[in-house]
Amino acid sequence: MVIAGARKTFITPEKTYVNAIDDVSFTIRQGEFFVMLGPSGCGKTTLLRSIAGLDTLDGGEIHLGGLRIDLLAPHERPVNTVFQSYALFPHLTVAQNIAFGLEMERKPKAEIARRVTEMLDLVRLSEMANRKPDQLSGGQQQRVALARALAKQPKVLLLDEPLAALDLKLRRGMQAELKRLQRATGITFVFVTHDQDEALSMGDRVAVFNEGRPEQIGTPEEIYEQPVSRFVADFVGETNFVVAPATRVGAGADERLEVLLPSGDSVYLSSVVPTPDGTVTLAIRPERLTFSPREVHFAAGVLAKLVYMGTDLRCSVELADGTEIAIRVPPPFDVDILPGAEVALYTDVTSLRALIPETQSAS
Ligand SMILES: Nc1ncnc2c1ncn2[C@@H]1O[C@H](COP(=O)(O)OP(=O)(O)OP(=O)(O)O)[C@@H](O)[C@H]1O
C-alpha cells in the first residue's frame, strides 16, 4: 500500500486547526505486520480511518495493489477494520457473527459455511460456534471479531488498538495469536498502538508517529538501536540524554564528530552536524552502561538510587552538574554497590548515539 502526500486537517470546536496527518508519504509492504506507534493525538488513528474510508483525506492519495482506494466508498475498499470495541452482534452466535459480512455480500451458502468453518478453526473457536458473544471471555470475543474481519479475505486488515481492553496477561496471549494469524493468512496487518512493547514485539516494521507524521520507520531493532531523533529515543524505551560539546574533525569520508563526554574523555562518533553552539545531544540506553571498566569511560558520579527489580537493578547516578543518569544492571548483582558511593560509568562507543537537535521534537 502506498500512501502519498496524505493530509488531513480538523477544525476543533475552539476554532483552531489541527494537522492530524501532515503530508505523510510511505509504503506498507504486502504481507507485512506494520505497526503505527505514537502518543495520543499524533494522528495514527486518523490515518488508519482514512485508509478504511471512515475519514476523508484533504489531500494526497492511497493506492493498494495498483488501485487508488482513497476515492472509493469504505465498502468498496479491499480492507477491513478491527476496533478495540469488538462490536459483535449480541443476538447472533459466533458462527452467525462470522458469516454476517459474507451473507451481506450474498455469497453462496456452501461457500459461507466452508469459510466460517475455516475461520473458526483459524482462531481456534470451533467448539464455541454456537455460543452467543456474552458467553465468551474478552479474548474470545476479540478472536470472533478477527475471524469476522478475516472471513471477507481483505487485502489489508486494519487494527485500531484491538487489545487495549484486555488485561495484561490476555493481551500477551492475543499478541502471539495475532502474529500467528498474520503469518498463517499472509494478509497485510496495519496495527495501531501507543504501547511500545506491543509495537516492538509484534511489528515487522514500526512507524513512530509524532505530531501528524512518522518520524522514523524501521524494524523494531532499528527503531530501538538507531533512533533518529530525541523523540523516538525517548518514546521507545528509556534513554539518558546528555548535552555534550562537539566538534567536527577530519574531512570527506573520514569526517567524524569529536564529542566530549561528562568524564572528560572524548569519543569519535559518525559525522553529524553539531548545533551552532557546538553541542550535540548524546543518547544512551540505561542497560548499555556498566560499573565495570569498558571501552569508554562515560562519566563519574555518586550513586543516588538503587532499586531491586528481580530481573535487574535500577540505579541512578548523579553527576557533578546534577544530571541524573539511569543504569540497569543485570544479575549477578555486585553487592558492594551502595547508595552514596562514588562510581564510574562505562560503555562502548557503539552504544552512544549523537542526535542532531534540529530533528529533536518537543517531547
Ligand atoms: N473529528 C475531529 N475533530 C477535531 N479534531 C480531531 C478529530 N479527530 C481527531 N482530531 C484531532 O486530530 C489529532 C489526531 O487524532 P488521532 O485520533 O488521529 O490521534 P491518535 O494518535 O490516534 O490518538 P489516540 O491514540 O488518542 O487515538 C488530535 O489532535 C485530535 O484531537
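Note that ligands are numbered from 1 as they come in the structure, with each ligand's atoms numbered from 1 the same way. Nothing here was measured: the structure is a model prediction, and the numbers come from that model.
Atom numbering of ligand 1 starts at 1 in the shown order; those under 4.0 Å from a heavy atom of C42 are 19 (O), 20 (P), 21 (O). Close contacts of ligand 1 with V18, meaning ligand atoms under 4.0 Å from a residue heavy atom, involve 12 (O), 13 (C), 29 (O). For ligand 1, the atoms closer than 4.0 angstrom to any heavy atom of A20 are 12 (O), 13 (C), 14 (C). Listed by atom number, the atoms of ligand 1 under 4.0 Å from P39 heavy atoms are 21 (O).
Inside a 4.0 Å radius of atom 31 (O) of ligand 1 there is not any protein heavy atom. Atom 28 (C) of ligand 1 is flagged as protein-proximal [any protein heavy atom, distance under 4.0 Å].
At most 12 non-hydrogen atoms from other residues, nucleotides or ligands lie less than 6.0 angstrom from NZ of K155. Counted within 6.0 Å of CD on E127, heavy atoms from surrounding residues, nucleotides or ligands total 12 or fewer; the atom is thus considered open. Around atom CD of Q30, no more than 12 heavy atoms belonging to other residues, nucleotides or ligands sit under 6.0 Å away. Counted within 6.0 Å of CD on E221, heavy atoms from surrounding residues, nucleotides or ligands total 12 or fewer; the atom is thus considered open.
Proximity of T45 to ligand 1, defined as any heavy-atom pair under 4.0 Å, is shared by backbone and side chain alike.
The distance from the CZ atom of F10 to the OG1 atom of T46 is 4.0 Å, given to the nearest 0.5 Å. Taking CZ of R49 as the start and NZ of K44 as the end, the distance is 13.5 Å to the nearest 0.5 Å.
R285 and E287 are not joined by a salt bridge, as no carboxylate oxygen comes within less than 4.0 angstrom of a charged side-chain nitrogen.
Note on ring orientation: taking the six-membered ring where Trp is involved, the planes of F34 and F26 are parallel (angle under 30°, cut-offs 30° and 60°).
Looking only at distances, a side-chain donor or acceptor of D167 sits under 3.5 Å from a matching main-chain atom of L170.
Heavy atoms of G43 approach ligand 1 to within less than 4.0 angstrom.
Nearest protein neighbour of atom 16 (P) of ligand 1, counting heavy atoms only, is T46 OG1, 3.5 Å. With respect to atom 23 (O) of ligand 1, the closest heavy atom belonging to the protein is G41 N, 2.7 Å. Looking only at heavy atoms of the protein, atom 25 (O) of ligand 1 is closest to K44 NZ, 2.8 Å. Protein heavy atom nearest atom 26 (O) of ligand 1, with residue, atom name and distance: S40 OG, 2.6 Å. Nearest non-hydrogen protein atom to atom 11 (C) of ligand 1 is F10 CD1, 3.9 Å.
The shortest N or O to N or O distance between H194 and ligand 1 is not under 3.5 Å.
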